[in-house]
*Asks:* 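One structure is given below, represented as structure tokens, and several questions about it will come after.
Residue numbers start at 1 and run along the sequence shown.
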Amino acid sequence: MSRMTKFLKQQTTLQLMQRTQTGEPQLNEYGEPLYQPRVTVIKCRKEISTQDVITSVGAAKKSATTFYLDNTTPVTIGDKLEGKPVLTVQEYINAQGLCEGYEVMV
């Protein structure tokens with residue numbers, strides 16, 4: 001259990017993007033990503049804040065919500081939290097070099 005877990009008093013929904021075996025997103029006929037049908041409820045800490053975020057492809061977007069998650073739920077760019085696509089994921093690494101949790105912006 002992560003040290004972050006005790007601070008996660010809220011809940012959110014997580015929907016994972018479907019990926020190929022090489023890790024590439026699966027796309028529909030319109031070029032939009034496909035998502036797994038299962039939606040999971042996970043613990044989080046949610047903060048509403050507006051920030052400019054540079055995405056992995058270099059686009060500038062506005063982020064309205066920051067989620068803090070523990071290390072039990074790995075999240076990647078493109079997954080959805082509360083129906084909004086994840087823009088950035090930052091890991092929190094402890095002194096032993098292990099991941100304690102994630103800061104996720106949507």
*Asks:* Would you please test L14 and T73 for side chain to side chain contact (heavy atoms under 4.5 Å, CB included) and show each step?
*Replies:* CA-CA 9 Å; L14 171 65; T73 311; 3.4 Å; yes

*Asks:* Can you confirm whether E29 is buried at CD, in the sense that more than 12 heavy atoms of other residues, nucleotides or ligands lie under 6.0 Å from that atom?
*Replies:* yes

*Asks:* Has the side chain of N71 got a donor or acceptor atom that lies under 3.5 Å from a matching backbone atom of C99?
*Replies:* yes

*Asks:* Measure the spacing between CG of L8 and NZ of K46 and express it to the nearest 0.5 Å.
*Replies:* 13.5 Å

*Asks:* Establish, from distance only, whether the side-chain atoms of Y92 and E103 form a donor-acceptor pair under 3.5 Å.
*Replies:* yes

*Asks:* Quick one: CD on E82 to CZ on F67, what's the gap to the nearest 0.5 Å?
*Replies:* 4.0 Å

*Asks:* Please find the pair of heavy atoms, one from V86 and one from K80, that lie closest to each other, and give the distance.
*Replies:* CG2-N, 4.5 Å

*Asks:* Once you round to the nearest 0.5 Å, how far does OG1 of T65 lie from CD1 of I48?
*Replies:* 4.0 Å

*Asks:* Would Q26 and T20 count as a side chain to side chain contact (heavy atoms under 4.5 Å, CB included) if you check the C-alpha gap in whole Å, the side-chain angles of each, and the deciding distance to 0.1 Å?
*Replies:* CA-CA 6 Å; Q26 290 184 347; T20 62; 3.8 Å; yes

*Asks:* Is it true that R19 and T76 share a donor-acceptor pair across their side chains at a distance under 3.5 Å?
*Replies:* yes

*Asks:* So, do V106 and P85 sit near enough that their side-chain heavy atoms are less than 4.5 Å apart?
*Replies:* no

*Asks:* Do any N or O atoms from the side chain of Q11 and from the backbone of K43 form a donor-acceptor pair under 3.5 angstrom?
*Replies:* no

*Asks:* I need the minimum non-hydrogen distance between T72 and P74, along with the two atoms involved.
*Replies:* O-CD, 3.6 Å

*Asks:* Nearest 0.5 angstrom please: L16 CG to T40 OG1, how far?
*Replies:* 6.5 Å

*Asks:* Rounded to the nearest 0.5 Å, how far does CG of D79 lie from OH of Y35?
*Replies:* 7.5 Å

*Asks:* Going from NZ on K84 to OG1 on T13, what distance comes out if it is rounded to the nearest 0.5 angstrom?
*Replies:* 10.0 Å

*Asks:* Taking C-beta and beyond as the side chain, do I42 and L69 meet within less than 4.5 Å on heavy atoms?
*Replies:* yes

*Asks:* Kindly determine whether T66 and V104 satisfy side chain to side chain contact (heavy atoms under 4.5 Å, CB included), including the steps that lead there.
*Replies:* CA-CA 6 Å; T66 303; V104 179; over 6 Å; no

*Asks:* Is there a path of hydrophobic side-chain contacts, each under 4.5 Å between heavy atoms of I, L, V, M, F, W or Y residues, that connects L81 with M17?
*Replies:* no

